[in-house]
Number of protein chains: 2
Amino acid sequence: MREDTRTRIQEIALRLFTEQGYEATSLREIAEELGVTKAALYYHFKNKDDIVASLVEMRLDDLEKLLEWVRSRPKTPQMRRELVERYAESVRATRNLGIARFLERNQTALRDHPTLIKIRERMMELTTEISEPGATPADRVSQALALFALHAGKWLMKEGELSDEEIHKACLEVAYRLLEPSGFRASEL
Amino acid sequence: MREDTRTRIQEIALRLFTEQGYEATSLREIAEELGVTKAALYYHFKNKDDIVASLVEMRLDDLEKLLEWVRSRPKTPQMRRELVERYAESVRATRNLGIARFLERNQTALRDHPTLIKIRERMMELTTEISEPGATPADRVSQALALFALHAGKWLMKEGELSDEEIHKACLEVAYRLLEPSGFRASEL
DNA sequence: GTCTATATCGCGATAGAC
DNA sequence: GTCTATCGCGATATAGAC
């Protein structure tokens with residue numbers, strides 16, 4: 001039971017866009033890997049941009065669900081820790097694993113893409129929800145950095161020094177630390 | 001006493017490469033802003049790649065000087081704090097202010113550029129120097145994140161909420177916190 | 001649903017006059 | 001040091017047969 005062509009185009013495009021960048025990847029390359037001609041791609045997607053849109057809209061949906069959830073809850077330290085946990089899960093979900101990496105790179109190339117603009121807006125809203133308005137500037141920067149720390153581990157550490165699972169656990173721990181105001185620590189609670 | 005053309009090309013290219021991305025910026029655009037034709041650019045630089053090289057080699061020099069310094073010193077907490085301080089200064093130096101931003105974006109587009117590869121290697125070496133081999137995974141990720149925290153503030157915080165100076169001070173403070181092992185805090189020293 | 005063939009464009013780069 | 005003119009290429013995208 002073979003995947004349909006549309007899905008295979010998305011998989012190949014996502015991989016090449018991530019490895020080489022969006023602009024550096026041509027439709028010819030995608031078609032070649034798929035074993036068809038360029039023209040065939042235009043049956044499934046109306047243009048190159050449309051392939052990207054089909055990829056990133058799933059990620060936008062996830063972020064908007066996360067925002068909806070966070071706004072239904074009171075702004076407490078517990079909520080912040082749970083948001084970090086949920087965000088980490090959503091980044092690691094199979095359908096988003098590759099898309100998150102694709103988005104990390106290609107920010108500049110896709111700066112005008114409507115869906116990308118929305119994703120950036122939603123990320124800013126999430127960092128607003130996670131930070132305390134009355135906190136010191138350092139605490140605010142620290143809390144805003146918490147979500148991004150969950151992306152950083154993968155390219156921060158030397159290859160093979162720590163396992164994927166160790167890196168994930170470590171990033172989560174660092175993100176929790178970044179949430180805490182400088183005055184006290186979780187270990188003292 | 002007017003700037004020479006070569007310098008003006010570098011300034012315009014740096015701005016456009018940063019705003020739009022390297023691949024999305026054509027030599028035609030650069031020439032148009034300068035008020036000359038494409039062909040004139042080829043008198044000053046042998047190709048598009050050469051313009052980038054002329055920009056990023058200054059940054060590579062700075063990183064290598066920083067590495068040389070750090071390796072001449074013992075691995076102590078004081079050294080780590082001083083490294084963060086020096087790195088922050090080097091990012092803020094006028095000649096590097098724009099180049100650092102240009103490098104943050106365009107990582108993917110220039111992934112094969114020889115100078116960029118060296119810069120990435122030097123950054124990895126710096127994060128190696130700044131982290132303690134015996135520390136826990138979380139502490140290691142945290143310490144590696146310290147240098148990158150100095151880049152994050154500019155695009156992390158909402159526009160106009162904090163001044164540039166406040167953001168810089170806050171990032172520095174966050175970087176210092178990331179250096180500390182989770183067992184104790186600087187405020188207790 | 002995929003093909004061949006082609007239109008159209010803009011790119012990086014070069015030659016040679018001035 | 002800058003110009004005009006042009007080359008060669010590969011890109012996105014489309015038309016129409018099968």
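Letters go in sequence order (proteins before strands), and every chain restarts at 1. Keep in mind it's a predicted model, so treat the numbers as computed, not measured.
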Side-chain N or O of B/Thr5 closer than 4.0 Å to phosphate OP1/OP2 of D/dT2: yes
Ring centre gap for A/Tyr22 and A/His113 strictly below 6.0 Å: no
Residue-phosphate contact under 4.0 Å: A/Arg28 side-chain N/O, D/dA11 OP1/OP2: yes
Closest nucleotide among D/dT2, D/dA11, D/dA13 to the B/His44 side chain: D/dT2
Selection from C/dG12, D/dT12, D/dT2 that lies nearest to any side-chain heavy atom of B/Lys38: C/dG12
A/Ala40 side-chain proximity, nearest of C/dC3, D/dA13, C/dA13: C/dC3
Ring-face cation contact, A/Tyr42 with A/Lys48, 6.0 Å cut, 45° max: no
Carboxylate-amine/guanidinium contact A/Glu165 A/Arg92, below 4.0 Å: yes
First encountered from the 5' end of DNA chain C, between B/Leu27 and A/Val36: A/Val36
Spacing of A/Leu41 atom CG relative to C/dT2 atom P, expressed in whole Å: 9 Å
Between D/dG1 (C1') and B/Lys46 (NZ): distance, integer Å: 19 Å
Below 4.0 Å: OP1/OP2 of C/dC3 and any side-chain N or O of A/Thr37: yes
Presence of salt bridge, A/Glu85 and A/Arg81, under 4.0 angstrom: no
A/Ser26 side-chain N/O to D/dA11 phosphate OP1/OP2 under 4.0 Å: yes
Nearest-angstrom distance from the residue atom OH of B/Tyr42 to P of C/dT14: 7 Å
Nearest-Å distance for atom pair OH/P, residues A/Tyr43 and C/dG1: 4 Å
